[in-house]
Asks: 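Quick one: the structure is below, and I'll ask about it shortly.
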Amino acid sequence: KALADSFEAQSDHEIELSFGSTGKHYAQIVHGAPFDLFFAADTLRPSLLEERGIAEWESRLTYAKGRLVLWSPKEGYVDSTGDVLVDGDFRYLSIANPKLAPYGRAAKEVLEQLGLWEKFENRIVRGENIGQAHQFVMSGNAELGFVSYSQILHPDHALEGSYWIVPPELYGPINQQVVAVRDSPAVRDFYKFLRGSQARRIIESYGYELHHDTRNRCWPRSSR
Amino acid sequence: MIECRFQITKGSFRLDTEMTLPDRGISALFGRSGCGKTTFLRAIAGLEKDPRGRFKIGDAIWQDDSLFLPPHERSLGYVFQEASLFPHLSVRRNLEYGYKRVGGAKRRVRFDDAVSLLGVDLLLDRRPGELSGGERQRVAIARALLRSPKILLMDEPLASLDEESKQEILPHLDRLRDELDVPVLYVSHSTEEVARLADHLALMEEGTVLASGPISEMLTRIDMPLAHRFDAESIIEATVESHDERFQLTVLRGPVGCFSVPRNNLPTGHPVRLKIFARDVSLTLTEPVNTSILNIVPATVDSLVEEGPAQMTVRLAIGSAPLLARITRKSAITLRLEPGSKVFAQIKSVALLA
Amino acid sequence: MIECRFQITKGSFRLDTEMTLPDRGISALFGRSGCGKTTFLRAIAGLEKDPRGRFKIGDAIWQDDSLFLPPHERSLGYVFQEASLFPHLSVRRNLEYGYKRVGGAKRRVRFDDAVSLLGVDLLLDRRPGELSGGERQRVAIARALLRSPKILLMDEPLASLDEESKQEILPHLDRLRDELDVPVLYVSHSTEEVARLADHLALMEEGTVLASGPISEMLTRIDMPLAHRFDAESIIEATVESHDERFQLTVLRGPVGCFSVPRNNLPTGHPVRLKIFARDVSLTLTEPVNTSILNIVPATVDSLVEEGPAQMTVRLAIGSAPLLARITRKSAITLRLEPGSKVFAQIKSVALLA
Amino acid sequence: MTEGDWAALWVTLRLAGLTTLILLTLGTPLAWWLAHTRWRFKFVLEALVALPLVLPPTVLGFYLLIALGPRGMIGGFLESIGGRPLAFTFAGLVVGSVFYSLPFVVQPLQNAFQAMGRRPLEVAATLGASPVDRFFSVIVPIARPGFLTAAVLGFAHTVGEFGVVLMIGGNIPGKTKVLSIAIYDHVDALEYGHAHLLSGGLLALSFLLLIAVFGLNRKFQVVKT
Amino acid sequence: MTEGDWAALWVTLRLAGLTTLILLTLGTPLAWWLAHTRWRFKFVLEALVALPLVLPPTVLGFYLLIALGPRGMIGGFLESIGGRPLAFTFAGLVVGSVFYSLPFVVQPLQNAFQAMGRRPLEVAATLGASPVDRFFSVIVPIARPGFLTAAVLGFAHTVGEFGVVLMIGGNIPGKTKVLSIAIYDHVDALEYGHAHLLSGGLLALSFLLLIAVFGLNRKFQVVKT
Ligand SMILES: Nc1ncnc2c1ncn2[C@@H]1O[C@H](COP(=O)(O)OP(=O)(O)OP(=O)(O)O)[C@@H](O)[C@H]1O
Ligand SMILES: Nc1ncnc2c1ncn2[C@@H]1O[C@H](COP(=O)(O)OP(=O)(O)OP(=O)(O)O)[C@@H](O)[C@H]1O
Ligand SMILES: [Mg+2]
Ligand SMILES: [Mg+2]
């Protein structure tokens with residue numbers, strides 16, 4: 001959203017945003033939704049769109065990489081190494097649904113790496129998306145949970161509680177991709193903007209890692 | 001004339017009627033509980049559908065083989081057996097419901113008249129749930145009248161009313177008949193009411209019409225169940241002869257001799273009807289004297305029928321008019337009555353009705 | 001004794017009654033539409049709550065200052081003014097509803113008896129929506145009877161029934177009164193029914209009890225509206241004297257002289273009541289002869305009251321019993337009647353009721 | 001509240017209002033027929049009407065989307081007769097909401113019609129009221145509690161519903177983005193303050209609306225004995 | 001169907017069954033009271049009952065979650081009396097569903113009670129039926145269409161609902177994961193085949209259930225005049 005605001009500020013295009021789960025929007029685009037750009041939380045669905053010829057070929061661009069953190073609103077509850085998990089002194093651990101959300105998939109991988117997945121199976125609550133995972137923790141019903149770093153860095157909220165930034169080795173990358181569903185001057189402008197430094201600053205300030213994607217650098221081809 | 005023919009099946013009950021009724025005056029429908037009176041009225045109203053039924057009133061055909069007027073296009077007023085007021089409307093709006101739906105030109109009953117006639121003035125702002133049983137019934141009658149209908153169907157409209165209310169309403173039904181010329185089809189279990197009101201009588205039994213005819217004929221026909229009932233009665237037509245101011249009596253000229261009744265204001269020569277209960281008629285062989293009975297007429301015995309072991313119904317002729325008398329068998333034998341016997345019929349004057 | 005006192009306000013209507021009724025026999029409640037009869041019955045049933053009301057039947061107190069038995073703990077049978085059958089139950093299950101809720105030992109009316117008495121045998125498997133008006137009413141009566149109640153409240157139970165059905169049901173109500181000793185509180189607009197059935201009569205007007213007393217007293221009290229009505233009547237107690245096999249008559253001994261009525265099977269010496277309509281009594285100065293009237297008794301004029309301009313009500317004494325006669329003023333003057341005059345009262349035998 | 005929120009509120013009110021209107025229009029004859037038919041298999045239809053309820057809204061929305069899409073049955077048909085596809089349009093939202101809220105309207109109405117019986121209609125007919133007249137002068141007022149329930153449930157459910165709406169509408173601001181989605185978005189984006197504000201506003205508004213409806217209803221209570 | 005699906009089905013049926021039962025138990029006295037009270041402000045209560053409907057389920061779930069949490073009103077109270085918190089438990093699901101489906105139960109019942117009037121109860125009382133007896137022998141059968149609608153709407157809505165359930169339940173397999181969430185998951189994960197299967201199964205099952213309910217109902221139809 002911040003990206004959109006800033007893009008609107010610097011160009012004469014207007015953007016209308018539609019939020020929702022990646023899977024839902026995927027289904028909608030397949031059935032003809034009038035979207036120009038599709039920001040997915042993963043790489044699977046943009047590539048599917050590309051393959052099915054619904055999106056512009058090779059327009060996929062990984063614009064950011066998410067970072068997973070284990071967070072609790074309680075001060076000093078989560079240590080900087082994640083040992084609180086091993087102690088298992090909690091009632092509920094919140095994650096996003098591994099099946100639906102890349103953060104969930106990542107969280108599951110972390111737990112599996114630590115050999116805790118089986119142990120906690122019945123104490124893990126799954127949000128539909130990373131937003132709900134955050135709400136479970138925020139409301140105090142789950143003591144801690146795997147959320148995205150961007151959530152606890154959110155500029156609207158003071159950073160509170162304690163967290164552990166999970167080392168990226170413990171999970172596969174959470175690549176966030178954008179794909180162009182339709183080609184238009186505005187879309188092209190946006191792509192240009194997205195690659196620019198201002199966009200990269202915003203992305204970083206929201207707690208994402210930048211991704212150095214080379215493969216998609218070619219779209220849009222100027223030759224078209 | 002009103003002609004009707006209906007065949008309607010309801011469960012195991014079958015209504016199968018064919019009947020002609022006069023299209024003026026009051027026709028009474030008489031019969032035991034469950035004999036099909038309500039079904040018959042509903043058929044006339046178009047609420048029970050018989051595709052092969054027929055109904056014709058005057059020149060207007062309401063239904064026949066090719067036509068079926070829906071109920072709301074039949075100009076009729078229907079007083080249901082249960083008052084059936086609209087629960088969501090006040091009494092006033094209940095009354096207005098039908099009234100408003102009659103074109104101004106066709107209105108022949110005034111709102112205020114119906115209201116005061118049925119004594120519901122004070123109830124106008126109540127809800128039906130706040131009325132007594134009799135009050136509901138009166139509102140329902142007023143509502144039907146305000147429809148200014150071409151025919152009035154009344155299913156025991158006075159059943160839950162006290163005698164006084166009845167006495168107040170009955171004359172107005174008379175008037176309705178006479179002034180507005182609206183034929184009325186009237187279901188009642190009260191022979192009193194029927195004899196008082198009706199010009200025509202149809203007897204029903206198990207879904208069929210047993211007999212139908214002018215009231216005076218029906219009440220005295222000895223082959224009809226009615227004549228055998230405890231309260232069998234005769235109707236005699238007469239005209240006003242004179243008024244006796246001193247004793248406040250009106251003298252009526254009947255087929256033979258005169259009858260005295262309480263004074264009324266009818267002009268001389270006006271036709272009236274006398275209703276005489278068979279049990280109010282006693283017979284003597286010699287002319288009685290020094291008696292409080294004013295109405296004594298010579299009569300001839302026409303026929304005698306046993307009425308159970310102890311009683312007899314004697315059909316008399318006064319002039320050409322029939323008159324029933326109910327006496328004990330003992331009296332009949334003691335007095336040696338037989339067809340042709342000359343007797344005096346004494347009728348208590350107070351038992352005569354206008 | 002049954003003692004009751006209720007004060008109930010409904011909108012602008014106010015019921016304020018205090019009354020003592022005999023706790024056996026049939027008490028009739030008589031009054032104009034809207035005078036509070038239904039409200040009174042509902043109060044007895046506990047359906048209208050008056051916290052300061054009082055009701056005592058025999059030794060059982062149903063409500064007083066400190067006690068209020070809810071309706072279902074009052075052993076009563078209530079026939080509502082509208083039949084009010086349960087729409088979701090068949091006729092059989094409607095009847096069983098109250099029947100099943102009476103402990104076996106307390107059952108005093110048999111299921112089959114009530115069913116056949118009210119002639120609803122063939123209707124048992126129907127739904128209330130499939131019955132005629134009179135049929136519904138009969139089912140409601142049977143249902144109340146099957147409750148084997150301590151008191152029976154009946155709100156115009158026979159209003160929509162034909163004469164024949166009434167004649168079938170009435171004797172059984174008599175029997176109920178006599179055999180089961182259940183007091184009955186009976187609302188009716190029919191003086192005929194009341195005189196036929198009731199032992200006690202309470203007259204209501206605008207929410208208050210105007211008068212209450214034994215029927216024979218009430219019907220002949222000249223200060224009571226009832227005696228002035230068109231169908232004023234007297235009740236005379238008598239006993240069975242003998243039976244006349246030849247003419248199928250029963251001779252009854254009254255206060256003075258004998259009365260003949262159609263033969264019945266009552267044992268000699270059995271007490272009976274005779275109902276005599278004032279208008280069925282005619283007076284003569286000389287003993288009539290050669291007449292079909294069997295019942296002629298000597299009487300003394302007690303008092304005379306004008307009844308409108310043309311008529312008079314004469315209160316006679318036969319022995320000590322009161323008897324009303326309705327005659328014209330002309331006759332009264334012609335016959336020079338005055339208190340103390342000796343006359344013969346002629347009463348048509350068929351007008352006597354058992 | 002942002003301009004977007006106002007737009008969403010406006011879309012919501014239009015959607016709920018229009019849906020309720022259509023539901024009452026379609027639901028009334030259907031409920032009347034169900035209440036009075038003697039057709040042996042009406043219970044199958046009754047079951048069918050209630051069926052959409054058991055699917056999760058998003059899933060129902062998904063199937064509706066497929067059906068409405070250019071390759072779907074309805075969408076394909078519409079396209080073949082030259083109509084525009086319904087998905088992602090306001091019209092599509094209305095269709096989806098109507099479909100989903102139908103049982104809330106049909107069932108209360110059917111009950112009200114059944115409880116009423118035929119007698120008041122017969123009386124009205126003998127008093128000269130034509131069928132349309134009877135509908136407005138007798139059926140509507142006597143079955144009023146049923147209509148009220150139908151309207152309230154239908155309206156409130158459409159306001160609050162968002163699974164179907166999100167799926168079919170695609171959350172396009174000013175067109176198919178309704179307030180419920182806006183609130184959801186705020187919650188999802190951790191903008192709790194804004195979400196509280198909108199929720200509070202929606203609740204307050206709805207409460208006032210409901211109070212008005214039920215308060216008015218009180219005035220017309222029918223006394224029954 | 002996987003083992004997980006069976007578990008989800010089982011949780012769903014238990015949840016919907018229990019919720020319906022509780023709804024009927026709580027809703028009946030409330031509806032009765034609303035139908036017969038002459039309290040001047042009952043319309044406020046009526047509006048309150050319908051209010052939860054206007055919030056999107058997920059948002060409602062969110063607020064419920066906060067209320068149930070250790071710092072929330074309900075959660076705090078429960079904790080202070082030594083109870084266990086309700087979030088992410090089956091019991092919590094039930095509470096949430098009851099809260100959310102209440103209007104679907106209260107309103108049809110209230111209408112049925114109003115349409116019935118007091119007369120049948122008075123008759124039953126004079127025939128010796130105690131209040132409890134009257135409830136089962138008169139109120140239930142006469143208000144049966146109302147109970148049926150209440151139960152069907154309450155049950156179906158609970159089966160299909162998933163926003164509140166997901167929020168409060170936390171989607172724990174075998175414990176709080178219901179079928180609607182499972183189907184949703186499949187759709188969102190593009191496992192359409194599986195989603196179709198489950199949806200189809202759920203629809204078929206529900207259809208059979210509804211057919212049975214409405215079919216039985218047919219047998220007891222009351223004839224009204
Ligand atoms: N809810 C109410 N609000 C106002 N007045 C009422 C209400 N219910 C009854 N009334 C009035 O109370 C009076 C007594 O009613 P009740 O039903 O007891 O009369 P009733 O003697 O049984 O009459 P009927 O013979 O016509 O049945 C009537 O005048 C009626 O209008
Ligand atoms: N739906 C039905 N199914 C079966 N039989 C029915 C149905 N409706 C009416 N009947 C029967 O039809 C007959 C005629 O009913 P109707 O109401 O016309 O009688 P009625 O003459 O008006 O009687 P009452 O004087 O008791 O009102 C009755 O025997 C009744 O039992
Ligand atoms: Mg009838
Ligand atoms: Mg009454």
Side-chain angles (χ1 to χ4, degrees), chain B residues 10-11 31-34 38 81-82 126 130 132-135 138 155-156 159-165 189 191 229-231 244 247-249 260 262-263 279-280 282-286 288-294 308-311 325-333 335 346 348-351, chain C residues 10-11 31-34 38 81-82 126 130 132-135 138 155-156 159-165 189 191 229-231 244 247-249 260 262-263 279-280 282-286 288-294 308-311 325-333 335 346 348-351:
Chain B
K10 278 192 144 188
R32 290 206 61 166
S33 169
T38 300
Q81 196 164 4
E82 311 83 25
R126 296 244 196 103
E130 300 167 346
S132 80
E135 286 163 350
R138 281 183 279 153
D155 204 344
E156 301 189 45
S160 60
L161 288 183
D162 55 295
E163 210 57 47
E164 277 170 86
S165 301
H189 290 309
T191 29
R229 306 249 325 245
F230 176 70
D231 45 2
D244 173 344
F247 294 117
Q248 290 291 312
L249 295 173
S260 297
R263 167 103 162 77
R279 64 184 158 98
D280 281 338
S282 52
L283 307 177
T284 58
L285 295 182
T286 51
V289 288
N290 275 338
T291 171
S292 68
I293 300 180
L294 291 180
Q311 296 184 35
R326 175 77 46 88
I327 60 175
T328 55
R329 200 155 66 89
K330 180 175 179 184
S331 307
I333 287 171
L335 299 181
Q346 25 178 18
K348 288 210 57 176
S349 64
V350 283
Chain C
K10 278 193 145 188
R32 289 205 63 164
S33 169
T38 299
Q81 194 163 4
E82 311 82 25
R126 296 245 196 102
E130 300 166 347
S132 82
E135 287 163 350
R138 281 183 279 153
D155 204 344
E156 303 189 42
S160 60
L161 288 183
D162 55 294
E163 210 59 45
E164 276 170 87
S165 301
H189 289 309
T191 29
R229 304 249 325 245
F230 176 71
D231 44 4
D244 174 343
F247 294 117
Q248 290 292 310
L249 295 174
S260 297
R263 169 100 160 82
R279 65 184 159 97
D280 281 337
S282 53
L283 307 178
T284 57
L285 296 182
T286 50
V289 289
N290 275 337
T291 172
S292 68
I293 300 180
L294 290 182
Q311 296 184 35
R326 175 77 46 89
I327 61 175
T328 54
R329 200 154 66 89
K330 179 174 181 187
S331 307
I333 288 171
L335 299 183
Q346 24 178 21
K348 288 210 59 177
S349 63
V350 283

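Sequence lines set the chain letters: A, B, ... in the order given, protein chains first and strands last, and positions in each chain run from 1. Basis for what follows: all heavy atoms, side chains included, without hydrogens, waters or symmetry-related copies. Here the structure is a predicted model, which means the values were calculated and not measured.
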Asks: C/D244: which residues meet the side-chain contact (heavy atoms from CB on, under 4.5 Å) condition with it, sequence neighbours left out?
Replies: B/K330, C/R246, C/F247, C/L249
Asks: Measure across B/E135 and C/S33 and return the closest heavy-atom pair with its distance rounded to 0.1 Å.
Replies: N-OG, 3.5 Å
Asks: Looking only at heavy atoms and a cut-off of under 4.5 Å, which of C/T38, C/T286, C/L285, C/V289 has the most pairs with chain B?
Replies: C/L285
Asks: Working to the nearest 0.5 angstrom, can you tell me the gap between B/R126 CZ and B/S132 OG?
Replies: 8.5 Å
Asks: Using the test salt bridge (charged side-chain N to carboxylate O under 4.0 Å, His left out), find all partners of C/R32 that sit at least two apart in sequence or belong to another chain.
Replies: B/D162, B/E164, B/E168
Asks: Between C/E156 and chain B, with a heavy-atom cut-off of 4.5 Å, which part of the residue counts as in contact: side chain, backbone, both or neither?
Replies: side chain
Asks: What part of C/L335 lies closer than 4.5 angstrom to a heavy atom of chain B: side chain, backbone, both or neither?
Replies: side chain
